[in-house]
Visitor: 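Dumping the structure here so I can ask a few things about it.
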Amino acid sequence: LNILEIGPKDGFDTIQLLQLNPKKLTLIDLPNKKEEINNWIKKIDSSNINIYYENIMYEDSIIKDSPYDIIWCTGVLYHNPEQLRFLKRLYKVLKPGGLLIIETATSRKIGFKNDIGVVEIWDDIDNKTKRKYHLSQNISHLPNKVAIKIWLKQVGFNDIKSSECFKNSPLLKYKRAAFLAIKP
């Protein structure tokens, strides 16, 4: 099993993914996350882990370890202004029959129809808009669930399932979405 985890953050998901006994686990995160990751990675058996500190959109280290059987991408999509291109990149490095697990924050705007893909775009150029949804300053595009599903289809996935992981959380089920998609 060859797994790619994008944005490992605190290592909680990494520890869970290691329980799948992967042959190789590749982690990728931005260079400014290196210190945070180095604090927890030394506490686990990382003998089958490759770590890259770079922007997945512009560097090719993940290609070296591809194709992947599983790509685990949680809490990352909404930080990327090139979301369709990002999903296309993940599709390319996933093995045929491979599984993409993707979870993300979604648009909080009310009144959108459930059958229309919409992306909420934030313009904070004038510094007058307060960050309502997240402390992070690098969020510019929040898609709704329909938009994410459309993008997954556009890049080539045809077996896409919405996860019910937030069904018991009234607050999160309207603010986040998760999908499982299999590459044909």
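Atoms considered below: every heavy atom in the structure, side chains included; atoms not considered: hydrogens, waters and symmetry mates. FYI, the numbering just counts along the sequence from 1. Everything quoted here is computed from the prediction, not taken from an experiment.
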Visitor: Taking all atoms of both residues into account, what is the closest heavy-atom pair of Gly117 and Val146, and its distance?
Guide: N-CG1, 3.4 Å
Visitor: For the atom pair CD1 (Ile102) and CG (Leu152), what is the distance rounded to the nearest 0.5 Å?
Guide: 6.5 Å
Visitor: Could you tell me which residues satisfy side chain to side chain donor-acceptor pair (under 3.5 Å) with Asp13, sequence neighbours excluded, listed by chain and number?
Guide: Trp72, Thr74
Visitor: Do side-chain atoms of Asn2 reach the backbone of Pro67 as a donor and acceptor pair under 3.5 angstrom?
Guide: yes
Visitor: So do Leu87 and Leu77 actually touch side chain to side chain, heavy atoms under 4.5 Å?
Guide: yes
Visitor: Rounded to the nearest 0.5 Å, what separation is found between the CD1 atom of Ile70 and the CD1 atom of Ile3?
Guide: 4.5 Å
Visitor: For Leu180 and Ser163, work out which heavy atoms get closest and say how close.
Guide: CD1-CB, 4.4 Å
Visitor: Just to verify, what does Pro184 make a side-chain contact (heavy atoms from CB on, under 4.5 Å) with, not counting sequence neighbours?
Guide: Tyr91, Asn158
Visitor: Can you check side chain to side chain contact (heavy atoms under 4.5 Å, CB included) on Asp69 and Lys95, steps first, answer last?
Guide: CA-CA 6 Å; Asp69 299 289; Lys95 178 190 219 176; 2.8 Å; yes
Visitor: So which atom in Ala147 and which in Val119 form the shortest heavy-atom distance, rounded to 0.1 Å?
Guide: CB-CG2, 4.3 Å
Visitor: Only counting residues at least two apart or in another chain, list the ones meeting side-chain contact (heavy atoms from CB on, under 4.5 Å) with Ile44.
Guide: Thr14, Ile15, Leu18, Trp40, Ile41, Ile49
Visitor: Is there a donor-acceptor pair closer than 3.5 Å between any side-chain N or O of Asn144 and the backbone N or O of Val118?
Guide: yes
Visitor: Of all residues at least two apart in sequence or in a different chain, which pass the side chain to side chain donor-acceptor pair (under 3.5 Å) check with Asn39?
Guide: none
Visitor: At what distance, to the nearest 0.5 angstrom, does CG of Leu25 lie from CG of Leu4?
Guide: 8.5 Å
Visitor: Indicate if Ile28 and Phe86 have the same hydrophobic cluster label, given that clusters are the connected sets of ILVMFWY residues with side-chain heavy-atom separations under 4.5 angstrom.
Guide: yes
Visitor: Hey, could you give me the CG/OG distance between Leu94 and Ser66, rounded to the nearest 0.5 Å?
Guide: 10.0 Å
Visitor: Checking Glu36 side chain against Lys33 main chain: does a donor-acceptor pair fall under 3.5 Å?
Guide: no
Visitor: Which atom pair, heavy atoms only, marks the closest approach of Lys153 to Ile160?
Guide: CG-CD1, 3.5 Å
Visitor: Under a 4.0 Å N-O cut-off, is there an ion pair linking Glu103 with Arg176?
Guide: yes
Visitor: If Ile, Leu, Val, Met, Phe, Trp and Tyr residues are connected whenever their side-chain heavy atoms lie under 4.5 Å apart, and connections chain through other members, are Val76 and Val93 in the same group?
Guide: yes
Visitor: Would you call Arg85 and Glu82 a salt bridge, taking side-chain N to carboxylate O under 4.0 Å as the test?
Guide: yes
Visitor: List for me each residue that meets side chain to side chain donor-acceptor pair (under 3.5 Å) alongside Lys161, sequence neighbours excluded, and say none if there are none.
Guide: Asp159
Visitor: Could you check Leu142 against Thr106 for side chain to side chain contact (heavy atoms under 4.5 Å, CB included), going step by step and ending with a plain yes or no?
Guide: CA-CA 5 Å; Leu142 277 174; Thr106 57; 5.9 Å; no
Visitor: For Leu99 and Ile71, run side chain to side chain contact (heavy atoms under 4.5 Å, CB included): C-alpha distance rounded to whole Å, both residues' side-chain angles, the deciding distance at 0.1 Å, then the answer.
Guide: CA-CA 6 Å; Leu99 176 65; Ile71 297 177; over 6 Å; no
Visitor: Nearest 0.5 Å, please: how far is CD in Gln154 from NZ in Lys149?
Guide: 14.0 Å
Visitor: Applying salt bridge (Lys or Arg N to Asp or Glu O under 4.0 Å), can you list everything that pairs with Asp60, at least two apart in sequence or on another chain?
Guide: Arg89
Visitor: Return the set of residues passing side-chain contact (heavy atoms from CB on, under 4.5 Å) with Asp65 (not counting sequence neighbours), or none when no residue passes.
Guide: Lys24, Thr26, Asn50, Tyr52, Tyr68
Visitor: Residues two or more places apart in sequence or in another chain: which of them pass side chain to side chain donor-acceptor pair (under 3.5 Å) with Glu54?
Guide: Ser61
Visitor: Can you give me the closest heavy-atom contact between Tyr53 and Leu30, atom names plus distance?
Guide: CD2-O, 4.0 Å
Visitor: State plainly whether one hydrophobic cluster holds both Leu84 and Ile148, where clusters connect Ile, Leu, Val, Met, Phe, Trp and Tyr through side-chain heavy atoms under 4.5 angstrom apart.
Guide: yes
Visitor: Looking at every non-hydrogen atom in both residues, tell me the closest pair between Phe179 and Lys145 and how far apart they are.
Guide: CZ-O, 3.6 Å
Visitor: Of all residues at least two apart in sequence or in a different chain, which pass the side-chain contact (heavy atoms from CB on, under 4.5 Å) check with Lys88?
Guide: Lys92, Val155
Visitor: With clusters built from Ile, Leu, Val, Met, Phe, Trp and Tyr whose side-chain heavy atoms come within less than 4.5 Å, directly or transitively, what are the remaining members of the cluster of Phe166, listed by chain and number?
Guide: Leu172
Visitor: Which residues satisfy the salt bridge (Lys or Arg N to Asp or Glu O under 4.0 Å) test with Asp29, sequence neighbours excluded?
Guide: none
Visitor: When rounded to the nearest 0.5 angstrom, what distance separates CD1 in Ile101 from CD in Glu5?
Guide: 10.5 Å
Visitor: Can you check side chain to side chain contact (heavy atoms under 4.5 Å, CB included) on Asn21 and Leu1, steps first, answer last?
Guide: CA-CA 7 Å; Asn21 296 315; Leu1 204 55; over 6 Å; no
Visitor: Name all residues meeting the salt bridge (Lys or Arg N to Asp or Glu O under 4.0 Å) criterion together with Lys175; count only those two or more places apart in sequence or in a different chain, and write none if there are none.
Guide: none
